[in-house]
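Working notes for the structure below.
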Amino acid sequence: MLRLRYDFSAIEKKWQDIWDEKQVFAASTDYTKPKYYALVEFPYPSGQGLHVGHPRSYTALDIVARKRRMQGYNVLYPMGWDAFGLPTENFAIKHHIHPEKVTHDNVARFKSQLKALGLSFDWSREVNTTDANYYKWTQWIFLQLFKKGLAYKKEMAVNWCTSCKVVLANEEVVNGVCERCSGEVVHKVKSQWMLKITEYAQRLIDDLDLVDYIDRVKVSQKNWIGRSEGAEVNFDTTAGDQLLIYTTRPDTLYGATYMVMSPEHPYLEKWADKISNIDEVCAYQEAAAKKSDLERAELNKEKTGVKLCGVAGINPVNGKEIPIFISDYVLMTYGTGAIMAVPGHDTRDWEFAKKFQLPIIEVVKGGNVEEEAFTDCATGVMVNSGMLDGLSVEEAKEKIIAWLQEQGKGTAKVNYKLRDWVFSRQRYWGEPIPIVHCDKCGFVPVDEKELPLRLPEVESYEPTENGESPLAAMDEWVNTTCPHCGGPAKRETDTMPQWAGSSWYFLRYCDAANNDALAAKEALDYWMPVDWYNGGMEHTTLHLLYSRFWHKFLYDIGVVSTPEPYAKRTSHGMILGEDGQKMSKSRGNVVNPDDIVREYGADTMRLYEMFIGDFEKTAPWSQASIKGCKRFLERLWNLMDVIQPSDEYSSDLESAFHRTIKKVSEDIENLKFNTAIAAMMALINDIYEKGSITRGEMKTLVQLANPFAPHITEEIWELQNFGGMLNQQAWPSYEEDKCKEAMVEIAVQISGKLRARVNVPSDADQAACLEIAKADPTVKAQLEGKTIVKEIVIPGKLVNIVAK
RNA sequence: GCCGCUAUGGCGAAACUGGCAGACGCAAGGGACUUAAAAUCCCUCGGUGGAAACACCAUACCGGUUCGAGCCCGGUUAGCGGCACCA
């Protein structure tokens, strides 16, 4: 027989063109249909092109999207570009090419690579964060935040590269040095735009109960927000002022033997004339300020500090005077910037006390405070603590807080590790912040009608000598008039961070061409929330949290109608190089998806990426294993040679088909793409063993495989004249009854050891299974002369006879 | 240090809710076809012993619960990722 060759490159090109031309994957605007919104993180279009890691996520949700369409949903599966950012800007500086041009070229390359994979994106809703029509709305959201008092300007320490004389984003500081030149990075105080994400901290924790995120995502978000419960306590001081501290262990108040203030604490200046060793204190302050991140990390082990001579604190519970120190182990950015130190029950305080020979008082019994700090809250009992003696830690906390409140010396207090979002970048390639600074009126928002506030053309993208954005050098752009009073004013020259555009992009997809709003309310109400969002774990704490924050804000001002943007969040594992290391140019282990598509085809590539291992875990690439997936497709293709005319399932494969449909249907929902593929491979092995396949079976087989390998299955569908386009057919159904085989092999154990296997009818009850098992000759021999103590029967699984 | 994840053949991995460990695939070995190779098809494939039936051992390590543990509990080790003095 003349066999039709599986010419993947011709087939893939053909169907990609047809899908494009007929717009088969464009989401409908008929809002009466049931909807499904599948979302993957839009990529940063880097100069390196697509990485093999990208298609892992895209293919997975493509499978979900294609399955949902076959299940009758109106599916939105969009794609776009998170295109503002530093690598593009750096490339532009180096090669003197406009970042817009660089972005345009990179996007074109990415898009053709994605199209070559046959991903069913709705390209009619493509978004690009660098389009003025897009960032118009990013700026609009910023203005709403500003109007609600959630955007504010603050003096902040920023990273300053002493060699490039440039302000660096945190991401550009690697191991305490400049990513680009390896120069020393120090902190410099600059005025920065901030967003009050901390105002949403509690809701960002609480509303995790409303969504279906994989557990590890919820856990890391909670840890990142870092809620802690404790108390603020006012300590009187000999300087007259009260010093406010925060503690999570108010129960240990009797054990506080000294206090520590952060070197940046404002009281130090206030108390300067009362501190007799002020020179020593100032020297320490300066040294602390100069320390780079790298040094700080290194010096973590050894505690340092200076005692304030001439000022002491007074412990409110016993009126005792205790010394006050400054030390950089206390951070100005958390709590009140000052602590009470309880060396008996806090590891850091214990280390400090040992070094400075300060008294250690045991106030919770249970450990040996001479050896190490005893920090266990669950088991200890209060001692040496006056009114708290004999209480548990929990009881003591409650009692002391009540007492402090009564005395007016303290109050219960919740703190979060989460800090406000530093929203300024002194860079060119970002959204201009639409604010004007007027000497008379202060910070004035640009009129919304003036949006988008476009990036001006500049000669050079280099940051300026003093660390200002390149925009600061553009006098004609900077100098403007105040929208409020009409007087002379200056534009804000900082731009937004890359996280801005990605904090709301999923909303724009709902109505991507809208010029009057970020999206029509009707469209948002129909599509939102995103039903399934997949992305990398590395975005759990920044992007995911930022976008939840913006969405909650938009919910509060009535723009969106759901409190949470994503109903379900899953996360894929990274794909490593063949050597088990992270792929990188320097290691030379990078795999280019183009090469795989060229050599094996997109369907094989898709299948391999899904078959590589557990979707949620990291997996090393294996060039040799790809072949297995290619063979599977060829075996599928070659089945066309042995098709029998029947439209039914054959009697000997019927149950196998029902079982496979069930398995594949369920596995897709549970991110078990690897075992779904394995089940289809096993089915094909069964078919080969039999030697033929009916038309009806072939039909089901290609329907099942379509979401995984869309091109080859579509081609087979057409060649077999099954009618219409495969991607528009219904998802195959199965009957639970028919998933069972007539006979099943069950295990027979004697006292827990496997001794035999017997075939029983699949509907055999316990007694029947037992009877068949006991009739087995091996079992009979094993039971010879023994007394049966117990018989356990799990129908369809095993029989265990315990005998002595 | 803290948080999270992981540990199963030569390799990637399966194993439902505690019920036949190793599905599926790769590699390897043998065979068929071929002048030959590729491709394809068939067989074998955790270890030890045995001609075989079969027996014993085996899911990082030690212990426990159970008729039965890769899975549950307690402890230990190693690796990966994140955070970094958060009071």
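When reading the values below, keep in mind they use all heavy atoms of this one structure, side chains included, and skip hydrogens, waters and symmetry mates. All chains are named by letter (A, B, ...) in the order of the sequence lines, taking the proteins before the strands, and each is independently numbered beginning at 1.
- One finds no salt bridge joining E538(A) and K582(A) here, because no Lys/Arg side-chain nitrogen approaches an Asp/Glu carboxylate oxygen to under 4.0 Å.
- The main-chain N or O of K397(A) is never found under 3.5 Å from a side-chain atom of D251(A) such that the two would form a donor-acceptor pair.
- The residues E229(A) and K413(A) are annotated as not salt-bridged, no charged nitrogen and carboxylate oxygen being separated by less than 4.0 angstrom.
- G9(B) has its base syn relative to the sugar, with a glycosidic angle deviating from 0 by at most 90°.
- For R216(A) and G82(B), the shortest distance from a side-chain N or O to OP1 or OP2 is not below 4.0 Å.
- Note on R755(A): every side-chain N or O is 4.0 Å or more away from OP1 and OP2 of C54(B).
- Across all strands, S228(A) comes closer than 4.0 Å only to sugar-phosphate atoms, never to a base (heavy-atom distances).
- Surrounding NZ of K740(A) are at most 12 heavy atoms belonging to other residues, nucleotides or ligands under 6.0 Å away.
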Output, in order, the C-alpha distance, side-chain angles, deciding distance and verdict of side-chain hydrogen bond (donor to acceptor under 3.5 Å, both in side chains) for N685(A) and R635(A). CA-CA 9 Å; N685(A) 289 346; R635(A) 278 159 73 82; 2.8 Å; yes

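- With respect to the salt-bridge test (charged N to carboxylate O, under 4.0 angstrom), the residues K355(A) and E351(A) do not qualify.
- The strand RNA chain B forms stems, runs of 3 or more Watson-Crick or G-U wobble pairs with distances below 3.5 Å, at B:1-7 with B:77-83, B:10-12 with B:24-26, B:28-32 with B:40-44, B:46-49 with B:54-57, B:60-64 with B:72-76.
- In this structure, Y284(A) contributes its side chain and D328(A) its backbone to a donor-acceptor pair below 3.5 Å.
- Nearest-nucleotide mapping onto RNA chain B: of G752(A) and G628(A), the residue sitting toward the 5' end is G628(A).
- Ionic pairing of K662(A) and E736(A) is present here: one or more N-O contacts between side-chain nitrogen and carboxylate oxygen are shorter than 4.0 angstrom.
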Do any N or O atoms of the protein come closer than 3.5 Å to N or O atoms of nucleotides 14-17 of chain B, and which pairs are they?
| residue | atom | partner | partner atom | Å |
| --- | --- | --- | --- | --- |
| A14(B) | OP1 | D614(A) | N | 3.4 |
| A14(B) | OP1 | N674(A) | ND2 | 3.0 |
| C16(B) | N4 | K797(A) | NZ | 2.0 |

